[in-house]
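Notes to accompany the following structure.
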Protein chains: 2
Amino acid sequence: MISSPSGASQYHEVAARLRDAIAAGEYPRGGQLPTEEKLAERLGVHRVTVNRALSILRAEGLVYVHRGKGTFVTEIPPIRRNAVLRYSREARERSGGRGAFATEITALGRAPRSDVTVSRAVPPSRVAAILGVSDQDKSCVRRARLMYADDTPVQIADSYIPLEIAGGTAIEDTDSGPGGIISRFADLGLAQARITEEIDIRPPSTDEAEFLKMSPDQRVYDVTHTGWTANGRAVEVCLHVMPAHQWRLEYEWPADQQPS
Amino acid sequence: MISSPSGASQYHEVAARLRDAIAAGEYPRGGQLPTEEKLAERLGVHRVTVNRALSILRAEGLVYVHRGKGTFVTEIPPIRRNAVLRYSREARERSGGRGAFATEITALGRAPRSDVTVSRAVPPSRVAAILGVSDQDKSCVRRARLMYADDTPVQIADSYIPLEIAGGTAIEDTDSGPGGIISRFADLGLAQARITEEIDIRPPSTDEAEFLKMSPDQRVYDVTHTGWTANGRAVEVCLHVMPAHQWRLEYEWPADQQPS
DNA sequence: GAGTGGTCTAGACCACAGA
DNA sequence: CTGTGGTCTAGACCACTCG
């Protein structure tokens, strides 16, 4: 590592080199990288420098480490989440009630799985504010979903619905029935007419990192999804948390849509 | 730093502590943190460990460093980009032709500025594929914008329009005229009927990092925006690059929109 | 036990800011 | 010139995997 052409630090240089080598196919997808010791020797730097470079590529989701075994190139292409199709009636019918998530995962040739836990819960204050309910009491039905692709955890999705709406209805059943809970809102005369989503990027919380098997240096998409009735009442807030390197988000809409 | 309750490494522990202290207002927005030496002494760790912890908070955009001066808490709230409103006719009229970006920045009490460079250029191959043009020739008009809020660089936006459409039209003028270039497409009988956006997260390229004043450990939103006519022709692709910690993305759409 | 990666301390040197 | 943060090397120790 004699030259440092771009002026960047050595560990960024090493990271860039390895990134390029992976992109060039020099280390195949799923394949193992040389040990840090070997890389250090080959590049003429200390092992700690290589380790720091690899920690960058790890944070980008380009490689992962099996501790005690070695460092490997990530092989999985990103999951595409089309937010609009997810919630369209046509897609619900086309998918035969399997749900948007199952469609997304199946599209990649992987097997979807999803665990649902329904409870009555205290909503996060941000959610309570949107729904106009108390954030002190168990004022919501919470549908907590943990989602997998081929047994790899890929998403956490927590839906909150005011107890006043969902209490005692089919929304409290684990199996949300044909067409998903969207259809249950329609059954209750509270059809969702408009959807909003807010997207943030942040590091995972400790719990999230554990479930999603992420390092604290990686990032998650934090999507706040809200369903509104035609007269502007928020009836459902869903918080989606997804590893940023695992997903690609897609949106589409008519160009001259009027804000409502 | 005797206790390591969560099992995480010391530098992650230190990062978490400082993150909490900042959230608690112990270090006010815009204020300076103690020196690394002081923090190291106070926490009973080596300065290098504190430095590594701070590099995490830097990557998150929570603090920034003036080299030689010290480390400071970031004071700026995220810029909200509502993708749908941006391109609605109503918003164009309401903003009096100032454009969506100016509206977003003004909403935060900051002063927008934008430099436009128009040229004929070779599009990136991904863009060429969407537009159905050659990626060998200068087959596109490129409108490259560099955008600032109070002289802070906040976005790079490169629009590509097939030369066949834009060549010799008002789209090649630096001043895109009333209603922006969206209105120029309508003038040409190629009104955009549908918009799609794809969102990715990645580290900045060297050039992007330099212009946006980012560290290589930070992340950008990479938004591929495409405008389609009613009969499904892609007439414009715009690549937006924004520091992820500086922006929040918002979308909204009617719940039962038919995919087109 | 040998091999892997993850981390910490220690000491050093550098670049930059400001008096 | 001093004080700030950024990085590198060096050596050490730990946790985990696998034979």
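Every chain is numbered from 1 and lettered A, B, ... according to where its sequence line falls, protein lines coming before strand lines.
Taking the charged nitrogens against the carboxylate oxygens, A/Asp158 and A/Arg142 do have a contact shorter than 4.0 Å, which makes a salt bridge. Ion pairing between a basic and an acidic side chain is recognised when a charged N comes within 4.0 Å of a carboxylate O; A/Glu104 and A/Arg80 show no such pairing. Between B/Arg81 and B/Glu197, at least one side-chain N (NZ, or NE/NH1/NH2) sits under 4.0 Å from a carboxylate O, which counts as a salt bridge. B/Glu60 and A/Arg202 are not joined by a salt bridge, as no carboxylate oxygen comes within less than 4.0 angstrom of a charged side-chain nitrogen. Between A/Arg113 and A/Asp151 there is a salt bridge, since at least one side-chain N of the basic residue sits less than 4.0 Å from a carboxylate O of the acidic one.
Rounding to whole angstrom units, CD of residue B/Glu13 and C1' of C/dG6 are separated by 15 Å. When the P atom of C/dT7 is taken as reference, atom CG of A/Leu54 falls 12 Å away, rounded to whole Å. Across the protein-nucleic acid pair, A/Gln10 atom CD and C/dA15 atom P stand 13 Å apart, rounded to whole Å. Atom CZ of B/Phe72 and atom P of D/dG5 are 9 Å apart (whole Å). At whole-Å resolution of the value, CG in A/Leu33 and P in C/dT4 are 13 Å apart. Atom NE2 of B/His46 and atom P of D/dA12 are 16 Å apart (whole Å). Protein atom CD1 of A/Ile56 is 17 Å distant from nucleotide atom P of C/dG5, rounded to whole Å. Taking atom CZ of A/Arg52 as the reference point, atom C1' of C/dG5 lies 16 Å away to the nearest angstrom.
Regarding contacts with the backbone of D/dT7, a side-chain N or O of A/Tyr11 is found under 4.0 angstrom from either OP1 or OP2. Dashed line: the shortest gap from a side-chain N or O of B/Arg58 to OP1 or OP2 of D/dG6 is under 4.0 Å. For the OP1/OP2 pair of D/dG6 and a distance below 4.0 Å, the side-chain nitrogens and oxygens of B/Asn51 include at least one atom meeting the criterion. Using a 4.0 Å cut-off, some side-chain N or O of B/Ser9 falls inside it from OP1 or OP2 of C/dT7.
Residue-level contact check: B/Ser55 touches neither bases nor backbone, having no heavy atom under 4.0 Å from any strand. As judged by a 4.0 angstrom heavy-atom cut-off over every strand, B/Arg47 is placed among the base-contacting residues.
Contact check for A/Ser125 versus A/Val127: no side-chain heavy atoms found under the 4.5 Å cut-off.
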Apply ring pair (Phe, Tyr, Trp, His ring centres under 6.0 Å) to the pair A/Tyr148 and A/Phe101, showing each step before the final yes or no. CA-CA 10 Å; A/Tyr148 305 81; A/Phe101 174 71; 8.9 Å; no
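Mapping B/Thr49 and A/Val65 onto DNA chain C by nearest heavy atom places A/Val65 closer to the 5' end of the strand.
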Extract from the structure each pairing of a protein N or O with an N or O of nucleotides 16-19 of chain D at less than 3.5 Å, listing the distance.
residue	atom	partner	partner atom	Å
D/dC18	OP1	A/Lys69	NZ	3.3

